[in-house]
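Following: one structure in structure tokens, then a few remarks.
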Amino acid sequence: MKFEELPTPCYVVDEGLVEKNLKILNGVMQRTGAKIVLAQKAFSMYSMYPLIGEYLSGTTASGIFEARLGHEEMGKENHIFAPAYRDDEIDEIIDICDHIIFNSFSQLDKFKVKALQAGKKVGLRINPECSTQEGHAIYDPCSPGSRFGVTIENFQPDALDGVSGLHFHTLCQQNADDLETTLNAIEANFGPWLSQMEWINFGGGHHITREDYDISLLEKCIKRMQDTYGLKVYLEPGEAVALNAGYLVSTVLDTLKNKMDIAILDTSASCHMPDVLEMPYRPPLLGSGEVGEKPYMYRLGGQTCLAGDNIGDYSFDQPLQSGDRLVFGDMAIYTMVKNTTFNGMPLPAIAIQDKNGDCKIVREFGYEDFKMRL
Ligand SMILES: *Cc1c(COP(=O)(O)O)cnc(C)c1O
């Protein structure tokens, strides 16, 4: 099917663009010997896992269901981190995961023997207390009072028996300079225990496939940990795997006026692109301009009852009309994994666009997908 023939709303992931990202990530792996795994929480479209598995070392999970998905659909190295694990899930987690990363010494104490007996790698998440991002407190695991990772004040060097690696995750859409800053903080605080580890996991948030990302500095950071401490290095980006590799196609349903021009689309920021409201940000829209750039300005809104369900203000060369198709960019990550049926909104279909531009729908949703959760 052609792109223009897809039903709307529809997420379309471009295979060629995902592969372009994967080649960049695989280049880092080849040149440094580091291992890179997909953080599924950003992008769990498992129909793409065979392709991703050709280039990356495996998957990481935020919980048992993602761990199962990685195990079933990619079947390579499978890592997991969660702030705490439940008694009734730990056996299955140990069964299907290779690296199990704990968030506290009490969780380690409770579960590590089981994991070690099963031959699995046990890791501990540390908190370097080094905030490198401004403005986004909800995305900063180093903010004061954060529940993520053991701080140096609570670190128990005597209880590290069986722990083969340390994990940190402190970045969000950041460049390698912030990674370097973070490694300095880690060496200052946790330096004495690095040499006794086998591996270190740099977490996610590395925007490696973004145009201005400093890959050579990333590789220097990796080599520094390898050469100074003899550590194997893991990275677990989510965003970078499918950054700028997908679209959300929608249709204009109506236009109206209230001191300005408004268009109602058959999609919703709240339901289909929640990070637009949560982050917040204004997604790219193909063929549109900034406010004031082109002659016809519209506020684009969704079908829900939420007054704030606005995607943003965009300008166009022509007035919008009902039936026009609008294509939002960078809609592969943190979209289909976070969408909801609030207001009974239908979920967008999911499609793949292959390298020839042909599109194939892999999933469609209906009323039952709304009803079954209630
Ligand atoms: C969110 C998260 C990631 C992935 O982050 P991205 O920003 O998508 O690269 C990796 N590891 C952990 C522990 C996370 O919480």
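In listed order, ligands and their atoms are each counted from 1.
Counting only residues at least two apart or in different chains, side chain to side chain donor-acceptor pair (under 3.5 Å) contacts with residues 360-374 comprise T341-R373.
Between the Q40 side chain and the T60 main chain, a donor and an acceptor come within less than 3.5 Å of each other. Judged by distance alone, with hydrogens and angles left aside, the side-chain atoms of E19 form no donor-acceptor pair with the main-chain N or O of L51 at under 3.5 Å.
Using a cutoff of 4.0 Å between basic side-chain nitrogens and carboxylate oxygens, E187 and R224 are scored as salt-bridged.
Taking the six-membered ring for Trp and the full ring otherwise, F168 and F202 have centroids separated by under 6.0 Å.
The contact shell of ligand 1, taken as protein residues with any non-hydrogen atom closer than 4.0 angstrom, comprises A39, K41, A42, R125, H167, H169, G204, G205, E236, P237, G238, E239, Y334.
In this structure the side chain of Y85 reaches within 4.5 angstrom of the side chain of F102, judged on heavy atoms.
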